[in-house]
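All of these numbers come straight from a predicted model, not from anything done at the bench. First the proteins, then the strands, lettered A, B, ... as listed; each starts at 1.
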2 protein chains.
Amino acid sequence: MANHYSIAEENYIKAIYHLQQTDDNVTTNEVATELQTKAASVTDMLKKLKQKKILNYEKYQGFRLSSEGKKIALAIVRKHRLWEYFLVEKLQFGWDEVHEVAEELEHIASTKLINKLDAFLGNPKFDPHGDPIPDVNGKLPSRPQINLIDLAENKQAEVSAVGSQSKELLELLKHKKIGIGTQLEIKKKFAFDNSIEIKIIGQAAFNISQQLAQTLFVKPLK
Amino acid sequence: MANHYSIAEENYIKAIYHLQQTDDNVTTNEVATELQTKAASVTDMLKKLKQKKILNYEKYQGFRLSSEGKKIALAIVRKHRLWEYFLVEKLQFGWDEVHEVAEELEHIASTKLINKLDAFLGNPKFDPHGDPIPDVNGKLPSRPQINLIDLAENKQAEVSAVGSQSKELLELLKHKKIGIGTQLEIKKKFAFDNSIEIKIIGQAAFNISQQLAQTLFVKPLK
DNA sequence: ATAATATTTTAGATTTGTCTAAAAATATTT
DNA sequence: AAATATTTTTAGACAAATCTAAAATATTAT
């Protein structure tokens, strides 16, 4: 309850948290790319975070968050996603325009604030991008969801999450009118380029690329 | 639309704005006291703000905000007071516990956010302390209010603002059960120590000090 | 296994905002 | 108006977070 961390530190912790979801060893360069900074700056910060016992780090060896580090990361993720929910549900932001603002809001320290916000929003379990919101103890809710590319042909499903928040992806999804909750089914998978033909309920079928299918997560219906 | 300022700069601008409401010339030491820092640090920042044309400053002469500086200050005040309103009206914070959190929230940059928040809250004109909220153009709403010390004996009035947000004052007000909207009247003024006897509608009369009366603002009833 | 390449770290600078101690300017007192 | 006190500014240092350029380590390719 005592400690708190600078915005720079929090951004590093969050970036490492996200990277270690897919990598078993996070590297200096990966963090540098993620945070749009230089490897030398990352090394400096790693030493600081190691000293604060937030990180298991030995030089040249890669690293992961300690359990303390994970706890901090989950608190930041919780704040980020609750603010995104607030922006979309209460302030009528588009779900594709909340990321930057939430990046700022997530650094507001008060835990009283975030817990009251959580209650005000009705303790939502998933943010507008379909990502799970950690609870007050850092526990993530689970939801049965699979990658769109793994959905069987002619099975209906509902979009439940997107794998990235990049401007480019969100622009494409907007254009295709795909969002969280969109119901669709796979009509055909093409072996040639791994593209798939999908059909949104009530619309004409169209093709999407393998890359796009891989960033979409769905919950099978029924 | 282009510029933005660091948190430190914004805090200086806001402090100077508040000080120049009562002083015609703001001094280095006043700002140092207000921001709990040292005069030397203030001088450094004054030079920077002068260079950015936010301040009319000549060394040893005192200073005031330029019109550009005033615009920035009003934008910060707007954010602060809208967030306070949000915290009290939507998140059920007590009106005496929102100041610190709002001090953090006021530095979130997005103007889109603050304008949408304003709309969500129903474009409130006064914050929970009774202070006026500047509109999108920095214009302050006016309300006929006078200092409690200037209220005539036996005239009823409603508390509309408090002159400070200090912990000490808010603690006292809470204990006396005085808040924005409290209806009261002056029973007697004592020349000896300038204390006054007031009576809250429906309660027994009691005495308050000159200092307290001077920090309370009221709107006469009918 | 050694050379070439890529990654990571170190060394030293820079910027922002702060500080202390001392000097300069202003204000007050006698 | 001189002496004293106060306020303000300067000078120099420091911590946080960043950078560039060079050195150290690790990886890969021949």
inquiry  = Any side-chain N or O of A:Thr43 below 4.0 angstrom from OP1/OP2 of C:dT10?
reply    = no

All N/O contacts under 3.5 Å from nucleotides 23-27 of chain C to the protein, with atom names and distances to one decimal?
{"from": "C:dA25", "atom 1": "O4'", "to": "B:Tyr60", "atom 2": "OH", "distance (Å)": "3.4"}

key: Length of the CG-P vector between A:Asp44 and C:dT14, whole Å   = 16 Å

key: 5' precedence on DNA chain D between A:Glu9 and A:Ala40 (nearest-nucleotide basis)   = A:Glu9

inquiry  = Tell me the interatomic distance from A:Met45, atom CE, to D:dA15, atom P, rounded to whole angstroms.
reply    = 16 Å

query = Counting side-chain heavy atoms from C-beta on, which of D:dC19, D:dT10, C:dT18 comes nearest to B:Thr37?
reply = C:dT18

ask   = Are A:Phe86 and B:Phe86 an aromatic pair by the rule of ring centers under 6.0 Å?
value = yes

task = Determine the contact category for A:Thr28: base if any of its heavy atoms lies under 4.0 Å from a base atom, sugar-phosphate if only primed atoms, P, OP1 or OP2 are that close, otherwise nothing.
result = sugar-phosphate

task = Taking only the side-chain heavy atoms of A:Asn29 (C-beta and beyond), determine which of C:dT9, D:dT18, C:dT7 contains the nearest atom.
result = C:dT7

query = Side-chain donor-acceptor pair under 3.5 Å between A:Asn115 and A:Arg78, yes or no?
reply = yes

Between P of C:dT15 and NZ of B:Lys52, the distance in whole Å = 14 Å

query = Regarding A:Asn11 and A:His107, is there a side-chain donor-to-acceptor distance under 3.5 Å anywhere?
reply = yes

Residues 164-175 of chain A side chain polar contacts: donor-acceptor under 3.5 Å, at least two apart:
{"from": "A:Ser164", "atom 1": "OG", "to": "A:Ser166", "atom 2": "N", "distance (Å)": "2.9"}
{"from": "A:Ser166", "atom 1": "OG", "to": "A:Leu169", "atom 2": "N", "distance (Å)": "3.1"}
{"from": "A:Lys174", "atom 1": "NZ", "to": "A:Asp96", "atom 2": "OD2", "distance (Å)": "3.1"}

key: Rounded distance in Å - CG (B:Leu49) to P (C:dT16)   = 13 Å

query = In whole angstroms, how far is the P atom of D:dT8 from the CZ atom of B:Phe63?
reply = 8 Å

message = Counting only Watson-Crick pairs (N1-N3 plus N6-O4 or O6-N4) and G-U wobbles (N1-O2, O6-N3), all under 3.5 Å, who is the partner of C:dA23?
response = D:dT8

query = Nearest to the side chain of B:Tyr12 - D:dT8, C:dT18, D:dT18?
reply = C:dT18

ask   = Just checking, A:Lys50 and A:Phe63: is the charged tip under 6.0 Å from the six-membered ring centre and within 45° of the axis?
value = no

Acceptor/donor pairs from residues 25-41 of chain A side chains to any protein atom, 3.5 angstrom cut, sequence neighbours excluded:
{"from": "A:Asn25", "atom 1": "ND2", "to": "A:Gln61", "atom 2": "O", "distance (Å)": "2.8"}
{"from": "A:Thr27", "atom 1": "OG1", "to": "A:Glu30", "atom 2": "N", "distance (Å)": "3.3"}
{"from": "A:Glu30", "atom 1": "OE1", "to": "A:Thr27", "atom 2": "N", "distance (Å)": "3.2"}
{"from": "A:Thr33", "atom 1": "OG1", "to": "A:Asn29", "atom 2": "O", "distance (Å)": "3.0"}

ask   = Side-chain donor-acceptor pair under 3.5 Å between B:Ser195 and B:Asn207, yes or no?
value = yes

task = Take the protein atom CD of A:Glu30 and the nucleotide atom P of C:dT7, then report the distance between them rounded to whole Å.
result = 11 Å

task = Please determine if a side-chain N or O atom of A:Ser41 lies less than 4.0 Å away from the OP1 or OP2 oxygen of D:dC19.
result = yes

request  = Nearest whole angstrom, please: distance from the C1' of C:dT9 to the CD of A:Glu58.
outcome  = 14 Å

ask   = For A:Tyr57 and B:Lys38, take the nucleotide of DNA chain C holding the closest heavy atom to each; which residue's nucleotide lies nearer the 5' end?
value = A:Tyr57

